[in-house]
2 protein chains.
Amino acid sequence: MNNATAERHAHIFKALMHPVRLQILDLLRSDEQCVCHLEAQLGQRQAYVSQQLAVLRKAGLISDRRDGLNSYYRIAHPEVLTMLDTVRAIIGGDESPETSLAIDCPCPRCSPVREPMLFKKAHAKARRREGLRTYAKNVAP
Amino acid sequence: MNNATAERHAHIFKALMHPVRLQILDLLRSDEQCVCHLEAQLGQRQAYVSQQLAVLRKAGLISDRRDGLNSYYRIAHPEVLTMLDTVRAIIGGDESPETSLAIDCPCPRCSPVREPMLFKKAHAKARRREGLRTYAKNVAP
DNA sequence: ATAGTATATGCCTTTTTTTGCATATACCCA
DNA sequence: TGGGTATATGCAAAAAAAGGCATATACTAT
């Protein structure tokens, strides 16, 4: 393996070396998801999730699609999931008890067909309930 | 995938995110190799190679065996090679033209059955010829 | 246009890796 | 034991990544 090839391989592994990014990929296993869904499932703030998504996107591991206000991300190369499975084989995997927190995610994919405005207000309310960003200019610590 | 599991997976990927470490693993594909062999093939200094080997060893990806003066390293989990192949599939692999530099490595595995002392002197001579460490206290730059 | 929402990005500080160097350790042989 | 060799490790400076925060962008509905 020559040096240039090794560098390109390393770039992929660099994108995978972060626990949150691995969790994101795992959440994208079966289907594409919007950012707000990932935000809710991971319990991380929006900007943070977007940053990790950007790393994965720049590495070419995920691709995105815009639909109205929402961005949907999906696995660009199914081989990535193969790698996750292979690593689990190495570390002697527990069968991944799936931390599906059953958080009621307000995205249209999770809570489909609502009245547009009703959806929005319910959305904001749900976000406040979860302690997430409330869109005020400055949130007191 | 819960947080603790993601951390353990990330540890493996961290060990793999370095080009030299990937090259080392590739060199160990077919058989175990001694450090001096890796040193020659990679064109890196001994301490540097040992450091990278230590990272891979602590991650549990390789194991070592001592035989006299030489330490031989080998892949601990063949799944690691599967991962390398999978990554190559993702980045659209050239078929790895194998930078086998044909450096005449002086280790007993590459240059077997010599008279012990003759081997040693030839060894040192070969190393000097290759511009590697000469065991003088301070090598002039 | 205006207001509101989902997502993205830039900047800065803290933490982690990298990497070079010196030196330590382990082993062999005379 | 003593000298020489193969490999390992500790340390510190340099480079890179992580993470927090403010704000920018893109879109939607009124």
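Since this is a predicted model, take the numbers as computed values, not measurements. Reminder, nothing fancy here: chain letters follow the sequence lines and each chain counts from 1.
- Residue A/Ser50 is classed as a base contact, given a heavy-atom separation below 4.0 Å to a base.
- Across the protein-nucleic acid pair, A/Leu38 atom CG and C/dA8 atom P stand 10 Å apart, rounded to whole Å.
- Atom CD of A/Gln41 and atom CG of A/Leu38 lie 8.0 Å apart (nearest 0.5 Å).
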May I have the list of side-chain donor-acceptor pairs in residues 53-68 of chain A shorter than 3.5 Å, sequence neighbours left out?
residue	atom	partner	partner atom	Å
A/Arg65	NE	A/Glu32	OE1	3.3
A/Arg65	NH2	A/Glu32	OE2	2.6
A/Arg66	NE	A/Gly68	O	3.3

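- Transitive grouping of hydrophobic side chains (ILVMFWY, heavy atoms separated by less than 4.5 Å) brings A/Val20 and A/Leu27 into a common cluster.
- Between A/Asn70 atom CG and D/dA26 atom C1' there is a gap of 12 Å when expressed in whole angstrom units.
- The heavy-atom pair separating B/Pro19 from A/Ala6 by the smallest distance is O-CB, 3.6 Å.
- Across B/Glu39 and B/Val49, no two heavy atoms sit closer than the pair CA-CG2, 4.1 Å.
- Of the candidates C/dT7, C/dA26, D/dT7, C/dA26 carries the atom nearest the B/Leu69 side chain, counting heavy atoms from C-beta on.
- Taking a 4.0 Å limit (strictly below) on heavy-atom distances, residues 58-67 of chain A does not reach DNA chain C anywhere.
- In this structure, CD of B/Glu39 is placed 12 Å from C1' of D/dT5, rounded to the nearest angstrom.
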Could you list the donor-acceptor pairs under 3.5 angstrom formed between side-chain atoms of residues 75-85 of chain B and any protein atom two or more places apart in sequence or on another chain?
residue	atom	partner	partner atom	Å
B/Asp85	OD1	B/Arg29	NH1	3.4
B/Asp85	OD1	B/Arg29	NH2	2.9
B/Asp85	OD1	B/Arg88	NH2	3.3

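- Two residues are said to be in side-chain contact when any heavy atoms from C-beta on lie closer than 4.5 Å; A/Leu42 and A/Tyr48 fail this criterion.
- With a 4.5 Å cut-off on side-chain heavy atoms, A/Leu22 and B/Phe13 count as touching.
- Looking at residues two or more places apart in sequence or on another chain, you find no side-chain hydrogen bond (donor to acceptor under 3.5 Å, both in side chains) involving A/Thr86.
- We find that CD of A/Gln46 is positioned 13 Å from C1' of D/dA26, with the value rounded to whole Å.
- Overall bending of the helix from C/dA1-D/dT30 to C/dA30-D/dT1, expressed as the angle between end axes built from five pairs apiece, is 30° (10° steps).
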Practice problem: Report, as a single string ordered 5' to 3', how protein heavy atoms within less than 4.0 Å touch nucleotides 15-20 of chain C: B base, S sugar-phosphate only, - not at all. | Solution: --SSBB
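- Looking at heavy-atom distances under 4.0 Å, A/Tyr73 makes contact with sugar-phosphate atoms alone, never a base.
- Between the OH atom of A/Tyr72 and the P atom of D/dC27 there is a distance of 15 Å, given to the nearest Å.
- With DNA chain D read from its 5' end, the first of the two nearest nucleotides for A/Gly68 and B/Val35 is the one closest to B/Val35.
- Using modelled atom types, one side-chain atom of B/Asp26 and one backbone atom of A/Met1 make a donor-acceptor pair closer than 3.5 Å.
- Considering only heavy atoms from C-beta on, B/Leu16 comes within 4.5 Å of B/Leu25 through its side chain.
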